[in-house]
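See structure below.
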Amino acid sequence: MAEDDHDDDRLERYLQWIDEQDVRHPKIQWPADFGQVRGCLVLEDIDEKEAFISVPSALLITPEKAASSPIVAIINDHPDLLTGRKRDDVLLILFLLQEFLLEEQSFWWPYLQMLEYAES
């Protein structure tokens, strides 16, 4: 499978996933390709202070959500990981790593597949 086909498949899965999760963006088209750049296209005027996208809270990756996941068992075994100001950062990193390793079994996989990866 060519790289472009793989990217198209990932994008299609992601778009289906956000639609199934009730993400709404009625006044913008995403994605919109502008040569080598991907962005969004405004379809209608967006009023000041008007939300241009609505994401259900169930899709937000938060420290509270991470703390209620199975990753908390590792954290409980290593409480020193969560000391200081970076507690929430470490919690989110571990949660995302766990979800990434689950691959297709992760609820978040369509989103995680859309993230850009370093090429080194």
Side-chain angles (χ1 to χ4, degrees):
M1 177 183 291
E3 185 66 29
D4 287 343
D5 292 340
H6 181 67
D7 288 345
D8 290 345
D9 289 345
R10 289 187 320 188
L11 177 59
E12 189 59 39
R13 280 193 304 269
Y14 177 73
L15 292 173
Q16 179 181 351
W17 183 72
I18 64 171
D19 187 53
E20 290 169 355
Q21 303 307 317
D22 205 28
V23 173
R24 297 289 171 238
H25 50 91
K27 292 188 176 184
I28 63 169
Q29 173 189 325
W30 186 89
D33 291 318
F34 303 95
Q36 296 282 330
V37 178
R38 179 178 287 164
C40 68
L41 181 66
V42 176
L43 303 172
E44 297 178 35
D45 287 344
I46 300 172
D47 295 330
E48 184 178 343
K49 297 187 181 181
E50 177 184 7
F52 63 89
I53 187 167
S54 172
V55 179
S57 62
L59 293 185
L60 302 180
I61 298 173
T62 64
E64 294 77 20
K65 188 168 289 175
S68 68
S69 76
I71 200 72
V72 80
I74 293 171
I75 293 164
N76 288 339
D77 289 343
H78 301 280
D80 54 310
L81 290 175
L82 296 178
T83 60
R85 296 181 337 180
K86 304 231 184 254
R87 177 188 187 285
D88 288 349
D89 293 342
V90 171
L91 190 56
L92 290 170
I93 290 166
L94 291 173
F95 176 77
L96 288 170
L97 178 60
Q98 167 192 264
E99 294 300 314
F100 182 79
L101 293 173
L102 287 172
E103 295 181 342
E104 290 88 1
Q105 296 174 13
S106 170
F107 170 76
W108 306 101
W109 190 243
Y111 164 72
L112 294 172
Q113 285 293 285
M114 292 302 297
L115 299 175
E116 295 290 327
Y117 296 99
E119 300 211 10
S120 59

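When reading the values below, keep in mind they use all heavy atoms of this one structure, side chains included, and skip hydrogens, waters and symmetry mates.
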| field | Tyr111: partners by ring pair (Phe, Tyr, Trp, His ring centres under 6.0 Å), with sequence neighbours left out | value | none
| Out of Trp108, Trp30, Trp109, which one pairs with Tyr14 under the ring-ring contact (aromatic ring centres under 6.0 Å, His included) rule? | Trp30
| request: Could you tell me which residues satisfy side-chain contact (heavy atoms from CB on, under 4.5 Å) with Val55, sequence neighbours excluded, listed by chain and number? | output: Val23, Ile53, Leu59, Leu60
| query | What residue pairs, at least two apart or across chains, pass salt bridge (Lys or Arg N to Asp or Glu O under 4.0 Å) with a residue in residues 16-32? | reply | Asp19-Arg24, Asp22-Arg24, Lys27-Glu50
| request: Apply side-chain contact (heavy atoms from CB on, under 4.5 Å) to the pair Leu15 and Leu11, showing each step before the final yes or no. | output: CA-CA 6 Å; Leu15 292 173; Leu11 177 59; 3.9 Å; yes
| said: Show, in sequence, the C-alpha distance, side-chain angles and deciding distance for Asp9 and Arg13, and conclude whether the side-chain contact (heavy atoms from CB on, under 4.5 Å) test is met. | reply: CA-CA 6 Å; Asp9 289 345; Arg13 280 193 304 269; 3.8 Å; yes
Just distance, no hydrogens or angles: give the donor-acceptor pairs under 3.5 Å from side chains in residues 89-103, sequence neighbours left out.
| residue | atom | partner | partner atom | Å |
| --- | --- | --- | --- | --- |
| Gln98 | OE1 | Ile71 | N | 3.1 |
| Glu99 | OE1 | Ser106 | OG | 2.5 |

N/O donor-acceptor pairs under 3.5 Å from side chains in residues 32-46, not counting sequence neighbours:
| residue | atom | partner | partner atom | Å |
| --- | --- | --- | --- | --- |
| Asp33 | OD1 | Arg38 | NE | 3.4 |

